[in-house]
Amino acid sequence: MRINKYILGLAVGVLGLFSSCNTDVLGPLYNGTLENVSFDGSSLNVSVASDESSVVIPVTINRGVLKNASTIAFTAEASEEGIFSNDANGVITFKEGQNTATINVIAENLEKDQTYTYTLTLSDDAALTADTISGANQNLVCVIEVTREGDWTAWETWNEEGTADYYYSGVFLEDEDLNLSFYYRQHLTDENRYQFRLDNWGWGVSLILNYDEETGFVTIPKMFTGYDHPDYGEVWFADYGTYAGEEIYGTFDKETGIFKIPIVYYDTEGPWGDDYEEIWIDGYARPDLSSSLTYSGVLIDPQGKTFALGKLKLGKDVENALALIVDADADPSAVADALAAGEVEGTLVKAGDIQVPIEDGMSGTMQLVVAVISDGAVGSYTSALFEYYNGANPWKSLGMAYYTDDFVTSFFGKEMDGGEFIYNEPYTYQVEVEESVETPGLFRLKNAYAPVARRFMQEGGEKNFVIHAENPNAVYFLTQPIGLDFGFGEMSISSEGGDAIEYFAEKGMTADQVIESYPEVFGTLEDGVITLPAIPLTDEDDNPVLDDDENPIYYQGYLYDDEGGYYTGMHSAFKLILPTASAGVKAKAKSLAAARKFENGLKAFSRRCVKKHVRTTMGKFVFNKTHKRKR
């Protein structure tokens, strides 16, 4: 089984990354002169066979200092009396030179089909050292869950094939032929309860799913994936409902043999990577309800009615679909659900050339959504963004420009086998550029980050990107989404000048006043070339921040998603070469575009991990302390 380095590099580190920006490791980092006592993990999940009624559970406790012998008190709280005990009598003992101690928790008198909880909590004295730990959190509490299985029938194959395919979206990457053995069993006293087992899921472990036919819920108990990351430790997972205690569980369609389960991966730092994963049992005849759409233009008929045109492909088992034009920001999945429920009325379309009416008054950027409806439910949906102006187009095309992105592409890279992390170079590519008819110098890049999405083997990037160069000596762009989502919400970017305008607008300053006060943070447009300044990064004391080679670090702007923000543009390479630039400049950009390469699909956060700055006084920028990511 192959490991998804993108998820482990990008997702596993995200919780600590955005809160402390120190992701050297995800286990506790100890101060060598203090106790720093911590449970090895914040939770333990133990399963006991139905013919066993007791179990002994070793619990590991770590500390930082080795010099002296010491004792640390702890308390224990059980969900039920008469079940749990421990052999430590409330005291953890470390001998001199010992940094690891183990206590044994005994669970007995366990009843079938029951789960019991035992919570261990370190004393207040241990808690006092929490602020001396850098990196991951100190585990002052360890929650132990023990489940004794009930009485079940013997495992058997669900049908003749006895195999299934698992579609991963998290830690593991799907092989060409997984050929996973699939089994089921039924509870002997509750005919609605089933368990399914998928062997060799993850790294050699068996995946267990619980299915309640009465509720229709599919759940996965908290379980170890079988993967122990060298830096991040054990990786666990469960369905979202089981992990979060909310009624969001998986489903099982007995007609198609398909499970859909909201999966959460987690470690001692918390959850990450929430997404649906699917299991398709072999041996089922499943209809092809697929769909895909390409926008192809606008038609105004002789009666003056306006239509969006497109080319639609439908699966072999689909006769027709419903189409509707909505706002660009509408969720196409929600639109498809509304069409299926009859809450909105769509246009019936078939495969091939389609035309869908544009309502009177609609203008600007819109979205064409097509939904395949089968038995009252959404079989698939597809959508395409397009522009139509009920009047003159406010933008005129200038042709193709050369754009060098140093905000997104170079934020990611590849981890080599030896542990060295190689960051992507800035990426130069061609993109169509438009200029505002009413505001000369206001430029817009069409679908600006679609080429970056394709290079990362992702979808998206099909949003327009606006750059303000009305004043050629004060170029900037405001915070705006770029249509890329690598698992933590849509990315947005802004230049430092644009960010300053947004910030000081809240203080009552106009854009012109900000430009006059802070000209050094704005870019320039000269001879058809837009560039941004390299701004030195400083710490909270206004001292320059240096890299590992003691060189100053520079940045040009910010990258944001739902979790927070980072400095970016660290290569100081952001550039837009307009079609009006000289032939020599464009020729150089063309050769650069042909030469730029970077690894596809394998990504991790930049080593220069700094949270978004705050400004506390007019006239001075005050930045959060810098933490550099090390590999």
Side-chain angles (χ1 to χ4, degrees), residues 1 3-20 22-29 38-47 57 59-60 62 115 117-120 133 135-147 166 168-173 198 201-210 218-250 260-278 486-489 561-564 604-605:
M1 184 67 61
I3 302 299
N4 189 333
K5 292 183 179 180
Y6 163 50
I7 290 294
L8 288 173
L10 177 63
V12 175
V14 79
L15 292 165
L17 191 63
F18 282 103
S19 60
S20 70
N22 186 329
T23 53
D24 293 353
V25 296
L26 288 185
L29 298 180
S38 173
F39 287 110
D40 196 44
S42 61
S43 63
L44 285 172
N45 299 86
V46 179
S47 179
I57 307 159
V59 179
T60 301
N62 301 314
T115 298
T117 301
Y118 195 50
T119 303
L120 304 177
I133 290 186
N137 296 327
Q138 185 181 31
N139 299 317
L140 299 174
V141 177
C142 180
V143 180
I144 303 171
E145 287 188 352
V146 179
T147 302
Y166 192 98
Y168 300 91
S169 65
V171 170
F172 302 105
L173 296 173
L198 207 61
W201 180 94
W203 254 14
V205 301
S206 292
L207 172 64
I208 302 295
L209 303 96
N210 296 306
V218 177
T219 60
I220 298 175
K222 296 177 181 178
M223 61 175 287
F224 179 40
T225 63
Y227 182 64
D228 192 349
H229 191 276
D231 292 330
Y232 307 138
E234 291 184 352
V235 179
W236 288 60
F237 89 122
D239 67 275
Y240 182 86
T242 296
Y243 181 87
E246 301 179 19
E247 199 168 286
I248 303 176
Y249 300 107
K260 295 183 178 180
I261 308 167
I263 294 295
V264 176
Y265 292 87
Y266 66 97
D267 53 28
T268 56
E269 291 300 292
W272 46 271
D274 50 346
D275 200 356
Y276 276 84
E277 298 189 348
E278 297 183 3
F486 288 168
F488 298 97
D561 59 20
D562 288 350
E563 303 291 342
F605 276 108

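FYI, the numbering just counts along the sequence from 1.
Once rounded to the nearest 0.5 Å, the distance linking CG of Leu140 with CG of Leu120 reads 12.0 Å. Taken to the nearest 0.5 Å, the CG atom of Leu44 stands 4.5 Å off from the SG atom of Cys142. Note: Ile263 CD1 to Thr225 OG1 = 11.5 Å, rounded to the nearest 0.5 Å. The OG1 atom of Thr147 sits 7.5 Å away from the CG atom of Asn45 when rounded to the nearest 0.5 Å. Put simply, CD on Glu145 and OG1 on Thr119 are 9.0 Å apart, with the number rounded to the nearest 0.5 Å. Atoms CE and CD1, from Met223 and Ile208 in turn, are 7.0 Å apart once rounded to the nearest 0.5 Å.
Nearest approach of Tyr240 to Val264, heavy atoms of both residues: CD1-CG2, 3.5 Å. Of all heavy-atom pairs between Lys260 and Tyr276, the closest is C-CD2, 4.0 Å. Of all non-hydrogen atoms in Thr242 and Tyr249, the two that sit nearest each other are N-CE2, 3.7 Å. Pairing each heavy atom of Lys222 with each of Tyr243, the nearest pair is CE-CA, 4.2 Å.
In this structure Phe237 satisfies the ring pair (Phe, Tyr, Trp, His ring centres under 6.0 Å) test together with Trp201, Tyr265, sequence neighbours excluded.
Side chain of Ser38 to backbone of Asn139: a donor-acceptor contact under 3.5 angstrom is found. Distance alone, capped at 3.5 Å, is enough to place a donor-acceptor pair between the Asp239 side chain and the Ile220 backbone. The backbone N or O of Val143 lies less than 3.5 Å from no partner atom in the side chain of Ser43, so there is not a single donor-acceptor pair.
The shortest side-chain heavy-atom distance between Val146 and Thr115 does not fall under the 4.5 Å cut-off.
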